Every structure is written in structure tokens, then in C-alpha cells.
Amino acid sequence: MTTEKEERTLNFIEQFIEEDFAAGKYQGHVHTRFPPEPNGYLHIGHAKAITVNYGIAQRYGGKFNLRFDDTNPVTEDTEYVDSIRNDVLWLGAKWDNECYASDYFQQLYDFAEKLIEKGLAYVDDTPKEEMEVMKGDPNRGKPGTPSVYRERNIAENLDLFRRMKAGEFPDGARVLRVKGDLASPNMHMRDPIIYRIKHAHHHRTGDAWCIYPMYDFAHGQSDSIEGITHSLCSLEFIHHRELYNWLIQNLEIFPSRQIEFARMNVEYMLTSKRKLMKLVQNNVVTAWDDPRMPTLAGLRRLGYPPAGIVEFCERAGVAKRDNLIKYELLEFCVREILNKSATRTMAVLDPLKVVITNYPAGQVEMLPIENNPEDPNAGTREIPFGAEVFIEREDFMETPPPKFFRLSPGEHVRLKGAYIIRCDEVIKDTGGEITELRCSYVTNSRSGSDTSGIKPKTVIHWIAPQGAAQAEVRLYQRLFSDPTPDSHEGKDYLDFINPNSLQVISNALVDAKLMDVAPGTQFQFLRKGYFTVDTESQPGKPVFNLTVSLKDSFKP
RNA sequence: AGACUUAUGGUGUAACGGUAGCACUACAGAUUUUGGUUCUGUCUGUCUAGGUUCGAAUCCUAGUAAGUCUACCA
């Protein structure tokens with residue numbers, strides 16, 4: 001037994017947890033949660049939150065809840081609940097409990113009455129606009145002004161709050177406020193609103209309620225009810241923590257601990273719901289699951305494996321400082337997974353015809369080729385070879401630069417898994433466009449039994465018409481031309497759309513056996529990149545998305 | 001202007017008063033029937049100024065810079 005596991009250093013959240021344990025808190029138990037509001041689709045930022053929360057629960061042998069923070073009926077919908085469940089599952093996070101803040105509405109209401117009874121909350125009739133000014137301005141050291149309703153007696157507060165619940169008042173007429181500290185530099189302590197009237201249909205509770213708790217009176221209380229030990233959230237909630245703890249203390253409930261960490265920013269990606277929405281509305285992308293979107297649905301369709309995304313989030317780390325993670329790290333994590341799992345195949349995206357003049361016309365031979373050199377169990381398959389093959393147009397240059405290893409007049413190159421060929425003649429049309437290459441093959445250079453002694457500088461992929469079929473290939477690149485498209489003063493992020501984010505090739509040549517592959521199936525098109533079968537594929541009409549290209553160290 | 005948070009190579013993250021490490025990137029080289037993978041090596045870093053200490057990335061003070069808060073959203 002070694003203590004190899006100990007070598008990994010703890011992130012600051014884990015250090016906090018261990019400090020808690022050392023102090024005898026929570027009996028050494030960890031319980032975390034992922035608390036999305038069901039009002040939109042999950043994106044890469046949510047993947048980070050899931051990875052952090054689920055990862056910590058796993059590392060400590062604890063529990064993990066999926067909780068829908070559904071306290072605002074006007075923006076939420078079950079449609080989102082379903083897609084969120086699906087995405088969380090896809091990432092591989094298994095929750096112990098599926099919870100809804102709305103399941104606690106009665107308890108939350110009782111908590112509110114308790115606060116009123118303790119003289120710590122009051123019903124305020126002040127109009128919204130007035131209340132805003134009365135909050136004061138910390139920038140000028142201006143404290144809040146007490147509402148004239150602040151000293152209402154407990155009985156009246158209770159009566160009014162019950163009548164709010166009974167539906168006696170219209171939306172916005174009154175709110176329930178905590179009696180906090182109007183002079184606090186923390187605005188969240190200046191008598192925050194904890195209940196508001198909303199005569200709206202809730203996706204789960206229907207019309208049972210017309211008052212709904214605010215975030216600050218729902219989130220921490222839900223944490224407490226569920227026995228969440230460590231409530232991990234993003235930095236922006238740091239100012240809420242004082243209220244979070246105040247409420248736990250005064251409600252005398254389970255003391256969950258809120259810990260804030262910096263949310264993850266990724267180059268070339270936006271996660272603002274509003275901004276993503278605009279991309280869809282303006283038809284910059286086709287939908288929320290467009291492969292260029294940073295949504296989990298989009299990344300899934302692009303072909304990013306969930307394990308790669310989780311690995312990425314873990315490698316990005318957890319801390320409290322602002323960060324901008326390199327896009328290259330994401331691509332690295334995706335390639336790392338795909339390299340081990342993707343079946344190799346040869347596809348020619350931009351075909352150039354090669355006629356092998358010394359190979360018997362009409363003859364076809366079957367050649368074995370590896371399915372995946374990284375996987376010893378993947379085996380081999382056979383592909384046809386004949387006197388006519390197609391190679392990638394970019395693999396030939398009539399006048400090559402110094403470091404060009406591929407085919408050029410008089411030069412040798414190996415066709416992967418087949419023979420070494422030499423380019424003898426270049427055929428062009430009247431416009432000077434190369435239409436065909438005439439080559440000769442080295443007869444004793446067959447792959448696996450090569451006795452020619454010729455060492456070509458490289459190997460290129462190819463495909464013979466006997467084993468090829470046409471297919472659509474979609475070449476995706478990052479959506480934006482700038483790593484932080486929304487950070488430029490005077491410019492809109494829409495000004496930085498990459499015009500080449502999608503290039504469609506409708507007549508690529510792929511292995512004819514790939515005509516009926518299932519959406520989601522992944523391949524490495526040799527020397528080109530990893531490709532994933534798109535959801536829009538039809539039997540006999542597959543569409544391949546470029547997930548990520550192979551690293552290419554060729555520099556002309 | 002107030003309060004809070006943060007500051008370590010190009011990027012991200014460790015080092016918890018005792019030799020600044022790891023990963024990604026970049027660049028070299030080895031291997032390779034994918035210019036992929038794999039392996040080896042190299043480059044580059046503690047925001048500034050004081051202080052405490054035998055010794056400071058680490059503790060203290062000030063400054064600078066960045067971020068957050070002032071929704072009947074979460």
C-alpha cells in the first residue's frame with residue numbers, strides 16, 4: 001500500500017472542508033448540490049459547477065443533490081427541467097436526491113412566519129421605486145431610510161402576510177422584508193425582500209401559491225432542509241453570505257456553509273443567457289444545440305465527450321481569482337479521450353484523382369488496416385485498393401516548399417496501409433487546375449511486406465472509389481474571432497463572429513460502410529481530425545461534424 | 001466614493017515561514033506506415049514600496065490593478 005493518493009494537493013474548498021472536520025463539524029460528512037434554475041439550457045459554466053460539487057461529494061464519499069431552484073414561476077418551465085436532468089446525467093453526475101425548492105414552499109412560509117413572530121421581518125407597502133431610493137447609496141456612505149412600515153407590530157405583520165398568501169393583494173402591493181441593518185455597507189443586509197406577491201402559475205405547484213420566496217430566502221433554507229454541508233457557489237454570491245448565515249442563525253436551522261469560488265471563463269465562449277439567446281434569434285447559429293454553442297447540448301452535438309469536459313473542468317482548477325481558461329486546454333482534453341476511443345477511418349475531404357499507371361486496370365485487392373493503433377483490441381478491417389484512388393488535394397504540391405513531406409512531382413509517398421507511389425505526371429485542365437495525378441506504385445512495397453528499401457518522408461491517407469461514398473462534412477471552428485468578444489468597449493460581441501465558423505463540404509469521400517452510422521458515433525478521419533455523426537444524419541445520408549482537428553506541427 | 005474579493009511563467013493551478021513545482025501552450029529532439037499518439041529536453045513567473053524575521057510567494061502596512069455588491073432575478 002502506498003499513499004500515492006495523498007500527493008494531490010487540496011484546493012481551497014477541500015481545505016475548508018477538512019478544517020470543518022477537524023473542528024468537529026458535520027461528523028465528517030459531505031453533502032453538496034447543484035442548484036440550477038429551470039429557466040434555460042446548461043452550458044460549459046454549469047459543467048464546471050457540476051464538476052466541482054459532484055467531484056467533492058465523490059472525493060469525500062458524500063452525497064450530491066440535484067436541486068431545481070424554482071422560486072420564480074414567471075421564468076421557469078418543466079421543459080428546462082428535462083433538459084437539465086439529461087445534461088447532468090450525460091456529464092456522468094449521479095444525484096442522490098432530486099429536489100425542488102418549490103417542494104419546500106410550505107416550510108419556507110413557516111420560516112417566514114417564525115421570523116415575523118421573532119420581530120425580525122415586516123410587511124412593507126412602500127412602492128418599489130420609493131424603496132429603491134430608500135436603500136441609500138454605499139458609494140456616498142448614505143445609509144438606508146427606514147420604511148414607515150418598519151415598526152408595524154407582530155400581529156399586524158402576521159395578519160398582512162397571511163392575507164398576502166390568501167391572495168388579497170395584487171402583484172407588487174406589498175412585500176415581506178427582513179429587519180436587517182439599514183446602515184450596513186452590505187446592501188443585502190439593508191432590509192432585503194424575502195417574499196413577493198406573484199399571481200402566476202408555477203410549473204409544479206400550479207396556482208397553490210401567489211407569494212413566492214426570493215433567492216435569499218429559498219436557497220440557503222433549501223440547503224439547510226436538505227442537510228447540505230457545503231453550499232458551493234460562484235463569487236458573486238459572496239455578499240449574500242452574511243444574510244445566508246444570519247437567516248440560518250435566526251431560523252435556528254441546520255448550518256450549511258456557503259463557500260464561493262470563481263466561475264470558469266473560457267476563451268472564445270460566452271455564457272450569458274441573454275447573449276446566447278441573441279445568437280439564436282439573429283440566426284448566427286441554428287439553435288441552442290448548434291455545435292458552435294457553448295451549451296452542453298451544443299458541445300454534445302459537436303462531439304465533445306463528457307469525460308473530456310469533466311477532465312477540462314478539473315484541470316482548470318478551483319480558486320477565487322478571475323480566470324480565462326485557454327481554449328487549447330479544452331481541445332487537449334477532448335483529443336485525449338477521442339484518441340483512445342475513436343475508430344480510425346480514411347476520408348478525403350477535397351479529392352484529387354490519382355491514376356496508378358502500372359497497376360492492372362480493373363484489379364482490386366483488399367488490404368488490412370488498423371481500426372485503432374491506440375487500442376490493441378480494436379482489430380483490423382479490410383479496404384479495397386485499385387488502379388485509381390483519391391488523395392487529399394492539399395497533400396500534393398507541384399512546387400513544394402522545403403519542409404513539404406507529401407507528394408510532389410518525382411517524389412515518393414506511402415499510401416497508408418498500401419503501397420509507395422511516385423508522382424510521374426500532373427494533368428491539368430485548360431484553366432490550369434490540377435485534375436489528375438499519374439503515379440506509379442512500387443510493386444514490392446506493400447504494407448507489411450515491404451522489401452523495396454524506399455523510405456518516403458511521410459504517409460498520406462487515400463480512398464479507392466470501390467470503397468467510397470459521398471457524405472456531408474461540416475467543418476466547425478470557434479464561433480468568435482476574439483477570445484473575449486464581450487470585453488471590448490464600444491464594440492458588441494456580435495462584431496466578433498468568426499465568418500468561417502462553419503464550412504460545409506457536401507461531397508467528401510468517406511468509407512462506404514459509414515453510410516448508416518448512428519448519430520453520435522465518433523471517428524478519427526486519419527490525419528484530419530475527430531469527427532462525430534451529427535443528429536441531422538439520415539440513413540444513407542450521414543453528416544459528419546468536425547469535433548476537433550488533429551494537432552498539426554507542419555509549418556510551411 | 002463605501003464594503004468585500006483577488007493578484008505566482010503566455011494561460012491555469014500548487015507551494016500554508018525554509019531550494020517556486022505541475023499541467024496546457026510554444027520551441028527543440030527521439031520514436032512513429034497518421035507532420036497524430038508516445039517519450040525527452042528548453043524557454044519564460046512570485047504586482048509595487050516599506051516592515052516583521054536568521055529566512056517572506058507566504059505574515060503586517062500602504063499603494064496599484066482587476067473583479068463583485070446597491071433587482072419584488074437566481
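Naming convention: chains lettered A, B, ... in sequence-line order (proteins, then strands); numbering from 1 in each chain. Quick caveat, the model's predicted, so the values are computed rather than measured.
As rounded to the nearest Å, B:rU19 and B:rU46 have C1' atoms that lie 15 Å from one another. B:rU48 and B:rA66 have their C1' atoms separated by 15 Å, with the value rounded to a whole Å. Nucleotides B:rU68 and B:rA1 place their C1' atoms 16 Å apart, quoted to the nearest Å. Taking the C1' atoms as reference points, B:rU8 lies 13 Å from B:rU44, given to the whole Å. B:rC72 and B:rG67: their C1' atoms are spaced 27 Å apart (whole Å). B:rA49 sits 13 Å from B:rA57 when the P atoms are compared, rounded to a whole Å.
Where A:Arg140 and A:Leu415 each meet RNA chain B at their nearest nucleotide, the meeting point lying more 5' is that of A:Arg140. Checking A:His188 against A:Gly172, the closest nucleotide of RNA chain B that is more toward the 5' end is the one next to A:His188.
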Side chain to side chain donor-acceptor pair (under 3.5 Å) for A:Ser256 and A:Ser231? Distances and angles first, verdict last. CA-CA 7 Å; A:Ser256 306; A:Ser231 181; over 6 Å; no

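Checking side-chain atoms of A:His219 against main-chain N and O of A:Asp216 turns up no donor-acceptor pair under 3.5 Å.
Contacts of A:Lys198 with the nucleic acid, taken as non-hydrogen atoms under 4.0 Å apart, involve only primed sugar atoms and P, OP1 or OP2. Using a 4.0 Å heavy-atom cutoff across all strands shown, A:Asn139 reaches at least one base atom of the nucleic acid. Note on A:Ser549: nothing from the nucleic acid sits closer than 4.0 angstrom, heavy atoms only. Among the protein residues, A:Arg344 comes within range of the nucleic acid bases, having at least one heavy atom under 4.0 Å from a base atom. The residue A:Gly448 sits close to a base: some heavy atom pair falls under 4.0 Å. A:Pro456 comes within contact range of no nucleotide atom at all, as no heavy-atom separation falls under 4.0 Å. Using a 4.0 Å heavy-atom distance criterion, A:Lys128 is classed as a base contact. A:Phe404 comes within 4.0 angstrom of a nucleotide base, judged by non-hydrogen atoms across all strands. When heavy atoms are screened at a 4.0 angstrom cut-off, A:Ser447 is found touching base atoms of the nucleic acid. At the heavy-atom level, A:Asp69 lies under 4.0 Å from the strands shown only through sugar-phosphate atoms. The residue A:Leu235 sits apart from the nucleic acid: no heavy atom pair falls under 4.0 Å. A:Gly141 comes within contact range of no nucleotide atom at all, as no heavy-atom separation falls under 4.0 Å. Using a 4.0 Å heavy-atom cutoff across all strands shown, A:Met346 reaches no nucleic acid atom at all. Among the heavy atoms of the strands, none lies under 4.0 Å from A:Glu370.
Ranking B:rG35, B:rU70, B:rC72 by closeness to the A:Met214 side chain, first place goes to B:rC72. Taking every side-chain heavy atom of A:Glu37 into account, B:rC73 is the closest of B:rG35, B:rC73, B:rG36. For A:Asp322, taking side-chain heavy atoms from C-beta onward, the closest of the listed nucleotides B:rG67, B:rG36, B:rA74 is B:rG67. Distance from the side chain of A:Arg321 is smallest for B:rU8 among the nucleotides B:rC69, B:rG2, B:rU8. Distances from the side chain of A:Met187 to the nucleotides B:rG36, B:rC69, B:rG12 place B:rC69 closest. Of the candidate nucleotides B:rC4, B:rG12, B:rU13, B:rG12 has the atom lying nearest to any side-chain atom of A:Ile325.
Heavy atoms from other residues, nucleotides or ligands lying under 6.0 Å from CZ of A:Arg263 number 12 at most. Shown here is A:Lys142, whose NZ atom has no more than 12 heavy atoms of other residues, nucleotides or ligands within 6.0 Å.
Side-chain contact annotation: A:Glu370 with A:Thr380, donor-acceptor N/O pair under 3.5 Å absent. Inspection of the A:Tyr419 and A:Glu365 side chains reveals an N or O donor paired with an N or O acceptor under 3.5 Å. Side chain to side chain, A:Glu392 and A:His461 meet the donor-acceptor criterion of an N or O pair below 3.5 Å. When only modelled atom types and interatomic distance are considered, A:Asn371 and A:Arg344 share no side-chain donor-acceptor pair under 3.5 Å. A donor-acceptor pair shorter than 3.5 Å cannot be found between the side chains of A:Glu76 and A:Asn39. For the 3.5 Å distance criterion, the side chains of A:Tyr104 and A:Glu226 qualify, holding a donor opposite an acceptor. Of the N and O atoms on the side chains of A:His230 and A:Arg33, not one donor lies less than 3.5 Å from an acceptor on the other residue.
Here B:rC73 presents its P atom at 13 Å from NE2 of A:His240, a figure rounded to the nearest Å. Residue A:Phe237 contributes atom CZ, which lies 14 Å from atom P of B:rC73 at whole-angstrom precision. Protein atom NZ of A:Lys320 is 12 Å distant from nucleotide atom P of B:rA14, rounded to whole Å. With rounding to whole Å, A:Trp462 atom CH2 is found 13 Å from B:rU33 atom C1'. In this structure, A:Gln258 atom CD and B:rU5 atom P are separated by 14 Å, rounded to whole Å. If you measure from atom CG of A:Leu526 to atom C1' of B:rU32, you get 13 Å, rounded to the nearest angstrom. Straight-line distance from the NZ atom of A:Lys455 to the C1' atom of B:rU33: 10 Å, rounded to whole Å. Rounded to an integer number of Å, the gap from A:Glu336 CD to B:rG36 C1' is 14 Å.
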Any chance you could list the contact pattern along nucleotides 21-30 of chain B? Use B for base contacts, S for sugar-phosphate-only contacts and - for none, protein heavy atoms under 4.0 Å, 5' to 3'. --SSSSS---

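Look at A:Ser553 and you'll find a side-chain N or O under 4.0 angstrom from OP1 or OP2 of B:rG36. At B:rA14, none of the side-chain N or O atoms of A:Gln15 fall inside 4.0 Å of OP1 or OP2 (strictly under the cut-off). OP1 or OP2 of B:rC73 has at least one side-chain nitrogen or oxygen of A:Arg196 nearer than 4.0 Å.
Results of the ring pair (Phe, Tyr, Trp, His ring centres under 6.0 Å) test with A:Tyr212 over A:Tyr109, A:Phe217, A:Phe105 single out A:Phe105 as the only residue that passes. Checking each of A:Arg257, A:Gln258, A:Arg67 against A:Asp223 for a side-chain hydrogen bond (donor to acceptor under 3.5 Å, both in side chains) leaves exactly one that passes, namely A:Arg67. Considering A:Thr71, A:Asp70, A:Thr205 as possible partners of A:Ser102, the one that fulfils the side-chain hydrogen bond (donor to acceptor under 3.5 Å, both in side chains) test is A:Asp70. Checked options A:Phe385, A:Phe390, A:Phe396; the residue passing with A:Trp462 is A:Phe385 (criterion: ring pair (Phe, Tyr, Trp, His ring centres under 6.0 Å)).
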Per-nucleotide pairing state of RNA chain B [Watson-Crick or G-U, under 3.5 Å; [ ] pseudoknot-crossing; | other strand]: .((((((..((((....[..)))).(((((.......)))))....(((((..]....))))))))))).....

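For the contact set between residues 70-79 of chain A and RNA chain B, defined by any heavy atom under 4.0 Å, the members are A:Thr71, A:Asn72.
Scanning all heavy atoms of the two residues, the minimum distance from A:Ile193 to A:Val175 falls at CG2-CB, 3.8 Å.
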